[in-house]
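Letters A, B, ... are given to chains in the order of the sequence lines, protein chains preceding strands, and every chain is numbered from 1.
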Protein chains: 2
Amino acid sequence: MPYLTQACPDPEPLDCRILTAALDLFVEQGYHNVSVHEIQSRADVSIGSIYKHFGGKEGIADALYTHILGELDQLVDGIMEQHAAAIERCEAIVAALFRHTETHRNIIAYIFHTKHADFLPQQAHICESSPFLKMRAIVEQGIQQGELRQTDPWVATACIFGGMARLIQLRLDGSIGTPLPHYLEDVLQALWNGMIADKNQDILPSAGAKISKLRS
Amino acid sequence: MPYLTQACPDPEPLDCRILTAALDLFVEQGYHNVSVHEIQSRADVSIGSIYKHFGGKEGIADALYTHILGELDQLVDGIMEQHAAAIERCEAIVAALFRHTETHRNIIAYIFHTKHADFLPQQAHICESSPFLKMRAIVEQGIQQGELRQTDPWVATACIFGGMARLIQLRLDGSIGTPLPHYLEDVLQALWNGMIADKNQDILPSAGAKISKLRS
DNA sequence: GTCTATATCCAGATAGAC
DNA sequence: GTCTATCTGGATATAGAC
């Protein structure tokens, strides 16, 4: 099986070259704008090998999808072993994905920034995949144990990881020039304490009155 | 110009039929999996008319994109006229988009659930479009006036609208069966007050102690 | 197992009649 | 301005030599 996050052995095996070349091309140009010939020439292998190993373009996309979801699953498992509290687990997940966005850009882009249903119709939707189910389970448990606010689990999960996902998208698009880990503290504070300005912050009196009225 | 959110006049003009048919097909199957012939037969017009009016498939996608962004822009403008405070404006936007997701499903899906860069490379990215710039401006102003927490505007905007966007995606995918407006209150509470359980809520003492430690 | 050359298909686009 | 029939390019996929 190919290694994407880890370094590939030397000499790099053929199927690993194919997968990394395809990953880069899919992310750069979009699945439908990439031909098998492009993958072939960038990976420096022949068409025959591609069809022999993966059965075609869709087979490559499928192998990539499965493999990356597996790695993400391992990541979440590792975090669940290291942390017990839901809050800590969520923080560790956000931190890890922010770091991954910088170090393994295309892997994150392929998972978070791609419409898989358009070319892998037989695959279950990503929200139903193992790592994402685990994230929701973490949140659900946090709610049950009183650690997180009593709320619909869908809403809670969307709110906790939605901001993160959005920032990752903006970073991948190039709209944000700063590496994401820089924003980690800000994001977590907004998550747990909300977006309304603290009373002890230096704010205009008029705005403060307005806000108090709104919160009541 | 075609009307997508409003009812089309009767008899429905030809270009309106083409656009609505294309919108439905693009959302259902993905842009690249739709042929001009499919659009043609669903809209019940000839190929010639399509090329005459829009110059091809990409022209249709482009017209849809521009038109829908324009409608979204009007929506945001209307909200900015009705509300002065940033918090109220954000709440109104979330509420409106939740409602639109139920009543104009495919329009929301085309804007929020589609990778436009894959087939409209010349278009600016959606985050740079007028309505989205206005949303960030609203947040930025709220921060400057002390209404919202002092934070990087990118982070603030992502956190405020990220949860909303995620829920819209889940609803469009069919993962969530309940109409989104039902979750509005929950989402807004998580947004402004954060996700940590209130102290006066009924929580386990052990969890409470753990959380206090985490917040310090 | 790997490569080259080739076949097949279908999408996007056009030309010209009405 | 609208339609029908046709063309062309390029993509996926295969067959067969090494």
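Here dG12(C) is the nucleotide among dC3(C), dT12(D), dG12(C) with the atom lying nearest to any side-chain atom of His37(B). Residue Val36(A) has its side chain nearest to dT12(D) when only dT2(C), dC3(D), dT12(D) are considered.
Shown here are the salt bridge (Lys or Arg N to Asp or Glu O under 4.0 Å) partners of Glu28(B), two or more places apart in sequence or in another chain: Arg42(B).
The nearest pair of heavy atoms linking Pro181(B) to Glu102(B) is CD-CG, 3.8 Å.
In this structure, Asn33(A) atom CG and dG9(D) atom P are separated by 20 Å, rounded to whole Å. One atom, CD1 of Ile39(A), and another, C1' of dT12(D), lie 11 Å apart when rounded to the nearest Å. If you measure from atom CD1 of Ile47(A) to atom P of dT14(D), you get 12 Å, rounded to the nearest angstrom. Remark: C1' of dG16(C) and NZ of Lys52(B) are 12 Å apart, rounded to the nearest angstrom. Put simply, OH on Tyr51(A) is 17 Å from P on dA7(C), counting in whole angstrom units. Taking atom CZ of residue Phe54(B) and atom P of nucleotide dT2(D), one finds them 11 Å apart after rounding to whole Å. Residue His53(B) contributes atom NE2, which lies 17 Å from atom P of dA13(C) at whole-angstrom precision. Summarising the geometry, the separation between CD on Gln40(A) and P on dG1(C) is reported as 20 Å, rounded to the nearest angstrom.
Note: His32(B) and Phe119(B) have perpendicular aromatic rings, judged against thresholds of 30 and 60 degrees for the angle between ring planes.
We find that Asp186(A) and Arg149(B) are not joined by a salt bridge, their nearest charged nitrogen and carboxylate oxygen being 4.0 Å or further apart.
Phosphate proximity of dG10(D) to Ser35(A): absent, as no side-chain N or O sits under 4.0 Å from OP1 or OP2.
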